[in-house]
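Okay, so here's the structure we're looking at.
Below, all heavy atoms of this structure are taken into account, side chains as well, without hydrogens, waters or symmetry copies.
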There are 2 protein chains.
Amino acid sequence: MTRIDDVARLAGVSTATVSRALRGLPTVSAATRHRVLAAAEQLQYAVSPSASRLAGGRTGTVAVVVPRITRWFFGVVVEAVEDFLHQAGYDLLLHNLGGREQNRQRLLHPVNLHNRVDAVMLVATPLRAPELTALAALDLPGVTVSSGTDVPGWPCVRIDDVAAARTATRHLLDLGHRRVAHISGDPDDELAFTAHLDRRRGYQDALRAAGLRPDPSLDVESGFDIAGGTRATEELLRRGDPPTAIFAACDEMAMGALTALRDAGLRVPQDVSVIGIDDHALADVLGLSTIAQPAAEQGRLAAKLLLDPLAGPSPQTGAHQAVSPVILDTRLVVRESTAPARAN
Amino acid sequence: MTRIDDVARLAGVSTATVSRALRGLPTVSAATRHRVLAAAEQLQYAVSPSASRLAGGRTGTVAVVVPRITRWFFGVVVEAVEDFLHQAGYDLLLHNLGGREQNRQRLLHPVNLHNRVDAVMLVATPLRAPELTALAALDLPGVTVSSGTDVPGWPCVRIDDVAAARTATRHLLDLGHRRVAHISGDPDDELAFTAHLDRRRGYQDALRAAGLRPDPSLDVESGFDIAGGTRATEELLRRGDPPTAIFAACDEMAMGALTALRDAGLRVPQDVSVIGIDDHALADVLGLSTIAQPAAEQGRLAAKLLLDPLAGPSPQTGAHQAVSPVILDTRLVVRESTAPARAN
DNA sequence: CTGAAAGCGCTTACAG
DNA sequence: CTGAAAGCGCTTACAG
């Protein structure tokens, strides 16, 4: 293939000038730039990324880590991030943990990040203490999305999970429900993100504010997905004296709950009200009430916060100044899955 | 950071030996390998990907191109591919076309692929003639997933879309339906993949085999997603004399149809039966009958077909030998959204 | 505004 | 089995 010196020869300039012209540096005369671009076009020249990266010390690549790309929130975030990164000329290296400890170990080992990417985005992927320490040593720019994933010095974009859960629970309480159950993610899963912990707190806060005491028998943990929602709800029903309302920690769990309730012969919302968090693409199809969160906007904003410092000069690299998380708004969306509690 | 010569010095060998030992080449004595590994471990050494790629001529990276990562099929495929690639030590460069012509142009321009990746996977992304020509010149290994995306010399993994559609349509016909509508993707969208064309053919085949003539007024095109399914169904209903059954080209369109039917006051399946293709994660929650296709298996198999030749010696590089597509099985899944036509 | 030259950190024939 | 040395194809001070 053509290399930079082929272009230089054709344009009658040095390789240094070709390099500058092609990258649009200002220190090239218009006439020269024109000749270089024409030569590059004529020869179908494309810079060798490996060579450019080695010489320039930048990879033009961002690693994006998500727990599971197949889950609604992560898919939407990645799509928004991909768009932003590619617009800015960066490549996106995708890492899907997929619940495998092995993937996590390999990927998050800082040594595997070093020299491979210019920056890292961790979506709902909390780090352990040793990982944080090792990462800090790399002095790599990064950003996190979702709560419970803070890395010192990295910006974070998320919603207020406690408030979102409080709103969801209060919606059920306002409808007159008193036996309000909660189904959420499994804290035993070390790969799980921790948003569900905040959401439980919001649930309990709302109950207490209404003068109710959180009832452990109404709080079931399972996987943070459709199947988990189904299993958790089955467990709830198995315990007898079923709740009249269920707050699921995410829409996918809520959808699993709908299945379990249907299979148990319970009608939604006549027998049991259900609300989730997300505003999943199918929430409307299912008539699911939920707390909408701006997933794409979180991704876009996180990408922006990540790249902005890379472009400009970095005034205080390594000076892990405190960064406040950016909290985006959520919004109650009432559909058909929630209704007033029946008078006893 | 530590470089290869730091390791070499500590281990008392040359950088060439370090390079060989770290990559597990057989031409290193066990004792030497041990010393090198220990030194590398002690120094927390990780090879510089840029340098390794430039010197070695391999990127260890595969580009994966999907129309929209947020759609069920593509998310599942990417997850399976990601797993396989990372197990094999490859990085995954994600490209989400997102319906943007601009993305497509930039990405699929062969010059942007050259030297950047070792191989390409195109999922449901048909190429135009000039793109095919340019790609052929690069002599890059690749694989395609889904029909209508053939690239000469590349293997292809897909289902038999015509047969799947035929089975879906026949299921409706077997239930006694005669006014069977079809909703599918938009051929005006140049970025659309073409599976929906095959699916229309299967639909029409099944009608004809049952002695029915395809009725253009029962065949509506829209976007290949939830919103598209809703719009297409609304259009169907606007035309009057509604169908008693709808075959949607994919589950997401079927789900959109469910919404439109509900909003129009029509019951599923009492008034209208609905079937899709996919077996989307939420098909069960919605009680949607469908033709299940093995999305993860298609991704895994495609990744395998892509990497296998890269590992071994390539007997006939560039000799675009004909490759038959690998066709995976589909399976009718009957749930609650399809029922016998009511006697008139 | 432009060029000569060093250097980025590896891998790979080649020789032994 | 191991090493010396060339070379991968760029970018970047440095000098002018």
(request) Would you confirm whether A:Thr32, through its side chain, and A:Ala30, through its main-chain N or O, come within 3.5 Å as a donor-acceptor pair? (result)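 Side chain of A:Thr32 to backbone of A:Ala30: no pair is present.
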Looking only at side-chain N and O atoms, does [X] come under 4.0 Å of OP1 or OP2 in [N]?
{"X": "A:Ser19", "N": "D:dC10", "value": "no"}
{"X": "A:Thr17", "N": "C:dT2", "value": "no"}
{"X": "A:Ser14", "N": "C:dG3", "value": "yes"}
{"X": "A:Ser29", "N": "C:dC1", "value": "no"}
{"X": "A:Arg58", "N": "D:dC10", "value": "no"}
{"X": "B:Arg3", "N": "C:dT11", "value": "no"}

(request) Looking only at side-chain atoms of A:Ile4, point me to the closest of C:dT12, D:dG7, D:dC10. (result)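 Nucleotide nearest to A:Ile4's side chain: D:dC10.
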(request) Identify which nucleotide among C:dT11, D:dC10, C:dA4 has an atom closest to any side-chain atom of A:Tyr45, counting heavy atoms from C-beta outward. (result)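 Nearest nucleotide to the side chain: D:dC10.
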(request) Spell out yes or no: do the side chain of A:Arg20 and the base of C:dG3 have one donor N/O and one acceptor N/O closer than 3.5 Å? (result)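 Donor-acceptor pair under 3.5 Å: yes.
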Mind checking if [X] touches a base, just sugar-phosphate, or nothing, with heavy atoms under 4.0 Å?
{"X": "A:Thr32", "answer": "sugar-phosphate"}
{"X": "B:Thr27", "answer": "base"}
{"X": "A:Pro49", "answer": "nothing"}

(request) Take atom C1' in C:dG16 and the same atom in C:dT12, then report the distance between them in whole Å. (result)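 Going atom to atom, C1' in each nucleotide, I get 16 Å.
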(message) One thing to verify: whether B:Asp91 and B:Arg53 come together as a salt bridge, which I'm taking to mean a side-chain N less than 4.0 angstrom from a carboxylate O.
(response)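 Yes, charged N to carboxylate O under 4.0 Å.
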(message) Taking Watson-Crick (N1-N3 plus N6-O4 or O6-N4) and G-U wobble (N1-O2, O6-N3), each under 3.5 Å, can you produce the dot-bracket string of DNA chain D? Use [ ] for crossing pairs and | for inter-strand ones.
(response) |||.||||||||.|||
(message) Rounded to the nearest 0.5 Å, what separates atom CD1 in A:Ile69 from atom CG in A:Asn96?
(response)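 CG of A:Asn96 is found 6.5 Å from CD1 of A:Ile69.
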